[in-house]
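Report on one structure; see the data block that follows.
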Amino acid sequence: MKLLRVGARGAERPAVLDADGRPRDLTAVLGGADIDGRFLSGGGIERVRAALEDGDLPVLDADGLRVGAPVVRPGKVVCIGLNYRDHAAESGADIPAEPVVFMKAPDTVIGPFDEVLIPRRSVKTDYEVELAIVIGKTARYLESREDALRVVAGYTISNDVSEREFQLERGGQWDKGKSCETFNPLGPWLVTADEVPDPQSLGLRLWVNGERRQDGDTKEMIFGVAEIVRYLSQFMVLEPGDVVNTGTPAGVAMGMPGQPYLRAGDVVELEIDGLGRQRQTLGQA
């Protein structure tokens, strides 16, 4: 299934796409609940699947409707850095022996078509198309990769927007270059795990002003989805609704000749096979 949330910011309503790609309203079937950790861990996906099969969910008029992030603000946004060999190489970094882990403020999460704001005094705002994992069950000290996949509710697209000067030249704190407002567009859908049988076989691409900058495949990850979730559970408790950004392939502005960083007015588009497409216009904070 493809779950989404539509409506004005802060007033989104949950929906599901039917076989014809039409959004159907889940407000009544969920009793006013939203797509959050409680929904994901409490049988919400199964209830929606049954309601969709019954065929009596009302169709939403999608014209003009804003698409929000497909999950309510997560408790945590956990990120994996340097997780593609080609991106590590363009960054001048060694291949990591273990996953590089950093956090991103949860309030960076916005809708997939919302405006992204370049921070004040920024000169190195960058883009990163990434596969995002959405956690569906509490995970702690998982023993195997099979156990790890069982706690995954589904997948979506993340643009891990980054300010490279803040990240790398302002005291070594990556979070400073990752947690600026609007720096994590998410969506458009949460695609349930059963519809993504192999998360290590997904093409991912990104364009800036129509020029393709990134073109990779999740099979090139250094640490795959299952290992990332298993590994993280050794260091923190992953809760339902948490989001894990899994890294980006080569082609970021930082690694390109001339370093063509983003400027106000630029348009970024990104997609992952089977997970949809995003589009953001850059504004100025």
task: Kindly check if the number of other-residue, nucleotide or ligand heavy atoms within 6.0 Å of CZ (Arg263) is above 12?
output: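 Yes, CZ of Arg263 has more than 12 neighbouring heavy atoms, counting only those of other groups under 6.0 Å.
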
field: Atom CD of Glu143: over 12 foreign heavy atoms under 6.0 Å
entry: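 Counting neighbours around CD of Glu143, 12 or fewer heavy atoms of other residues, nucleotides or ligands fall under 6.0 Å, so no.
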
field: Cation-aromatic face contact Arg277/Trp207, 6.0 Å, 45 degrees
entry: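 Judged by the rule, Arg277 and Trp207 form a cation-pi pair.
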
Residue list, side-chain contact (heavy atoms from CB on, under 4.5 Å) with [X], at least two apart or on another chain:
{"X": "Asp25", "result": "Arg13, Thr27, Pro58, Leu60"}
{"X": "Pro249", "result": "Tyr84, Asp86, Val129, Leu204, Gln214"}
{"X": "Arg9", "result": "Glu12, Arg66, Ile110, Asp114"}
{"X": "Asn209", "result": "Asp266, Val267"}

task: Not counting sequence neighbours, which residues clear salt bridge (charged side-chain N to carboxylate O under 4.0 Å, His left out) with Lys178? List them please.
output: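 Salt bridge (charged side-chain N to carboxylate O under 4.0 Å, His left out) check on Lys178 returns Glu128, Asp160.
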
- prompt: Between the main-chain N or O of Ile118 and the side-chain N or O of Thr125, is there a donor-acceptor pair closer than 3.5 Å?
  reply: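 Judged by distance alone, no pair lies under 3.5 Å.
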
field: Thr192 (side chain) donor-acceptor with Met1 (main chain) under 3.5 angstrom
entry: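 It does hold such a pair.
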
query: Cut-off 3.5 Å, side chains only: do Gln280 and Gln278 have a donor facing an acceptor?
result: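 Indeed, the side chains of Gln280 and Gln278 share at least one donor-acceptor pair under 3.5 Å.
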
message: Suppose the criterion is side-chain hydrogen bond (donor to acceptor under 3.5 Å, both in side chains): which pairs have a residue in residues 49-62, not counting sequence neighbours?
response: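 Sorted pair list: Arg49-Asp194.
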
